[in-house]
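These figures come from a predicted structure and were not determined experimentally. Chain naming here is simple, since letters A, B, ... match the order of the sequence lines and numbering starts at 1 in each.
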Amino acid sequence: MNLFTELRKLVIAELGAMVEAGALPAGLDMTAVAVEPPRDPAHGDMATNAAMVLAKPAGQPPRAIAEALAARLAADPRVARAEVAGPGFLNLRLKPVVWQGLVKAVLQGGTDYGRSDIGGGAKVNVEFVSANPTGPMHVGHVRGAVVGDALSNLLAFAGWNVTREYYINDGGAQVDVLARSAYERYREANGLEPEIREGLYPGDYLIPVGEALKAKYGASLLDQPEDVWLAEVREFATEMMMQMIREDLAALGVTMDVFSSEKALYGTGQIEAAIDTLRGMDLIYEGVLEPPKGKTPEDWEPRQQTLFRSTAHGDDVDRPVQKSDGSWTYFAPDIAYHHNKVKRGFDQLIDIFGADHGGYVKRMKAAVSALSNGRVPLDIKLIQLVKLYKNGEPFKMSKRAGTFVTLRDVVEMVGADVTRFVMLTRKNDMALDFDFDKVLEQSKDNPVFYVQYANARINSVLRKARDAGVAVDDATLAGADLRLLDHAAELALIAKLAEWPRLVEVSARGNEPHRVAFYLYELASDLHGLWNRGNDEVSLRFVQEDAGTTQAKIALARAAGVVICSGLAILGVTPVEEMR
RNA sequence: GCACCCAUAGCUCAGCUGGAUAGAGCGUUGCCCUCCGAAGGCAAAGGUCGCACGUUCGAAUCGUGCUGGGUGCACCA
């Protein structure tokens with residue numbers, strides 16, 4: 001139940017009636033008519049811009065339309081007051097019974113309250129993480145993983161058919177480097193001195209890989225030329241890395257639906273097919289690129305290359321898909337991979353990239369636009385970096401020494417729940433500070449704690465009522481006499497709960513899961529505020545002398561708890577019942 | 001040189017896709033509390049939304065041009 005869409009229906013219906021009555025011209029476009037929460041609650045519970053939006057096409061002054069509409073809306077049993085304000089806003093005040101009914105609806109809906117069907121079952125593919133399978137995931141990957149997973153949860157909740165996907169970059173030179181690095185560890189496992197040359201991966205995490213290679217191959221690969229062992233070791237090491245990455249993701253609570261392999265695109269004609277598809281659209285040609293103006297690379301020399309005419313689809317320059325020796329560039333399999341996603345029938349694609357890949361956005365969108373004839377939109381979310389702090393001091397990590405903070409380190413230090421919540425407390429394109437101490441602080445300054453504490457308080461009050469012998473199961477609470485919830489502070493909290501379905505839709509439409517985290521913080525704040533007022537005004541406490549009143553109050557608390565749990569579920573955070 | 005991202009209170013950040021007097025936390029100032037309904041509460045001060053034009057009933061939000069910061073810029077993935 002979304003009160004805003006219901007009231008919008010009412011507004012549209014009354015506008016239609018005004019057309020019928022000849023008060024408005026026929027054929028008006030109503031799509032811009034919105035019913036929203038007003039910025040200032042003093043203005044009312046809801047506001048509509050209908051009169052202002054329609055003034056010009058209807059050829060009438062906005063206030064005149066607003067006055068006429070107000071008179072009609074005021075007759076609805078749900079509307080307590082309809083007032084024209086400002087340039088033509090129409091502010092609505094709802095009757096308490098509407099809010100009381102909402103509490104009941106929340107309790108009956110449970111965590112399905114707020115679920116939406118705006119996605120219409122459309123198939124959306126969310127590609128995220130896609131870290132190179134050459135080592136453990138580090139903090140840089142964590143944020144992308146959390147955002148992608150939470151976004152997937154959000155879209156699923158809003159009615160999309162979501163596929164979470166990880167693209168394994170196992171086709172390029174970096175997995176050869178992995179194989180060579182693992183081979184040295186294999187030699188080490190056989191009692192030889194490893195030669196970790198410059199350019200190889202020095203990390204200790206390859207030691208177990210070396211040992212596993214020894215267990216499988218014994219000494220048979222020793223002193224063999226590279227072309228004998230490279231392919232086998234590469235596959236073996238890549239598989240072990242992916243195993244590790246899967247476990248790391250699991251530790252963070254992330255489960256992928258599909259792992260797609262870059263290597264699998266080679267030798268199957270898929271790359272050729274994708275390029276041929278583009279060629280058939282006259283988007284592939286042989287040519288020589290101009291050097292970038294202002295900054296010509298030292299070793300620049302004109303080269304004849306196979307180019308993708310990405311400029312035909314909004315890119316700034318055309319992009320090479322084949323090197324001068326005829327082999328594919330990295331971009332070619334990326335095109336084939338996205339072609340593959342389009343062919344699998346997705347209606348929408350979302351890629352989550354690190355901000356350092358911002359340069360690829362236009363060419364990737366160009367490729368998808370061309371390959372799908374503009375049918376499939378591709379949204380690319382760029383994730384800004386995470387700066388680590390420890391007690392307010394920058395937390396240094398040295399890549400050169402091979403000591404970097406891994407995903408596993410973060411999860412072990414602060415837990416998956418805290419990690420996930422904090423990663424969503426900023427818009428994806430804003431840099432985020434992550435302080436190992438502050439995120440664990442038990443105070444109002446810490447949004448994670450603040451939201452969890454709200455839920456704990458709700459559970460605490462439920463326990464207390466139960467101990468006092470009051471039935472507080474959801475069915476009983478839904479049947480309580482909710483008319484007892486009539487205090488302005490209580491109705492205000494309900495109004496906040498009424499925003500939840502709308503917030504889900506807005507967040508999903510914009511692919512912005514962080515909004516959920518901010519909403520939960522606000523909801524927690526309202527809950528704490530009401531709780532604090534109970535310190536002075538006993539009548540606002542949740543547990544009362546009289547069982548019926550207690551049930552009504554607890555129904556509100558429980559409804560708030562339902563929404564908090566629902567929101568936390570989207571973030572992938574486990575609600576806590578007690579603060580300990 | 002070009003492209004993309006960012007710029008909002010002293011600090012860290014929201015701002016629901018164009019709405020009303022731009023919000024929150026921290027910090028500051030002033031009261032209150034020290035009660036496990038505990039891990040504080042209430043209130044106040046604090047703003048040229050980087051700058052300048054433009055679009056319209058209306059702009060932090062859209063467009064153009066600047067300023068400052070970040071990222072990336074042909075056979076590396």
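- For A:Phe259, the ring pair (Phe, Tyr, Trp, His ring centres under 6.0 Å) test picks out A:Tyr166, with sequence neighbours left out.
- Atom name P, nucleotides B:C33 and B:A38: the rounded distance is 15 Å, in whole Å.
- Nucleic acid contact for A:Val317: none, since no nucleic acid atom lies under 4.0 Å from a heavy atom of the residue.
- A:Gln174 comes within 4.0 angstrom of sugar-phosphate atoms only, judged by non-hydrogen atoms across all strands, and of no base.
- Legend: residues meeting ring pair (Phe, Tyr, Trp, His ring centres under 6.0 Å) with A:Phe421, ordered by chain and number and at least two apart, are absent.
- Atom CD of A:Gln322 is separated from atom C1' of B:A77 by 17 Å (rounded to the nearest Å).
- Residue pairs meeting the salt bridge (charged side-chain N to carboxylate O under 4.0 Å, His left out) criterion with at least one member in residues 426-448 of chain A, sequence neighbours excluded: A:Lys390-A:Asp437.
- Scored by the ring pair (Phe, Tyr, Trp, His ring centres under 6.0 Å) test, A:Phe157 finds no partners at all (sequence neighbours excluded).
- Contact check of residues 300-310 of chain A against RNA chain B (heavy atom, cut-off under 4.0 Å) returns A:Trp300, A:Glu301, A:Arg303, A:Gln305.
- One distance of note links CG of A:Leu92 with CG of A:Leu73; it measures 6.0 Å at 0.5 Å rounding.
- Toward the 5′ end of RNA chain B lies the nearest nucleotide of A:Thr425, the other residue of the pair A:Thr425 and A:Lys56 mapping further downstream.
- With rounding to the nearest 0.5 angstrom, the CG atom of A:Leu94 is 7.0 Å from the CG atom of A:Leu3.
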Fill in the blank from the handout: Here RNA chain B, pairs taken as Watson-Crick or G-U under 3.5 Å and shown with ( ), [ ] when crossing and | when to another strand, reads (((((.(..((((.....[...)))).(((((.......))))).....(((((..]....)))))).)))))....
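- Classified by its glycosidic torsion, B:U21 falls in the anti category, the angle being over 90° from 0.
- For A:Asp29, the side chain to side chain donor-acceptor pair (under 3.5 Å) partners two or more places apart in sequence, or in a different chain, are A:Thr31.
- Within the nucleic acid shown, A:Met579 comes within 4.0 Å of at least one base atom, counting heavy atoms only.
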Fill in the blank from the handout: Its contact letters, B for base, S for sugar-phosphate only and - for none at protein heavy atoms under 4.0 Å, make nucleotides 15-31 of chain B read SBB-BB-S-SSS-----
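- A salt bridge links A:Arg319 to A:Asp315: one of the charged nitrogens lies within less than 4.0 Å of a carboxylate oxygen.
- Residue pairs that meet the ring pair (Phe, Tyr, Trp, His ring centres under 6.0 Å) test with at least one member in residues 436-459 of chain A, sequence neighbours left out, are A:Phe395-A:Phe436, A:Phe434-A:Phe436, A:Phe449-A:Tyr453, A:Tyr450-A:Tyr521, A:Tyr450-A:His528, A:Tyr453-A:His528.
- In this structure, A:Ser324 reaches the bases: a heavy-atom distance under 4.0 Å links it to at least one base atom across the strands shown.
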Cut-off 3.5 Å, no hydrogens considered: what does the side-chain donor-acceptor table look like for residues 48-66 of chain A, sequence neighbours left out?
| unit_1 | atom_1 | unit_2 | atom_2 | d |
| --- | --- | --- | --- | --- |
| A:Thr48 | OG1 | A:Ala34 | O | 3.0 |
| A:Thr48 | OG1 | A:Ala50 | N | 3.2 |
| A:Asn49 | OD1 | A:Ala34 | N | 2.9 |
| A:Asn49 | ND2 | A:Ala32 | O | 3.4 |
| A:Gln60 | NE2 | A:Ala23 | O | 2.8 |
| A:Arg63 | NH1 | A:Gly86 | O | 2.7 |

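- Looking at residues 450-465 of chain A, you'll see A:Tyr453, A:Arg457, A:Lys464 sit with a heavy atom under 4.0 Å from some atom of RNA chain B.
- Distance A:Arg363 CZ to B:C73 P: 9 Å, rounded to the nearest Å.
- Using a 4.0 Å cut-off, no side-chain N or O of A:Trp328 falls inside it from OP1 or OP2 of B:C76.
- In this structure, A:Arg426 reaches the sugar-phosphate backbone alone: every heavy-atom distance under 4.0 Å involves primed, P, OP1 or OP2 atoms, never a base.
- One atom, CG of A:Asp315, and another, P of B:C73, lie 14 Å apart when rounded to the nearest Å.
- Between A:Ile383 atom CD1 and B:C6 atom P there is a gap of 13 Å when expressed in whole angstrom units.
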Completion exercise
Contact string for nucleotides 64-71 of chain B, one letter per nucleotide 5' to 3', B = base within protein heavy-atom range under 4.0 Å, S = sugar-phosphate only, - = neither, reads -------S
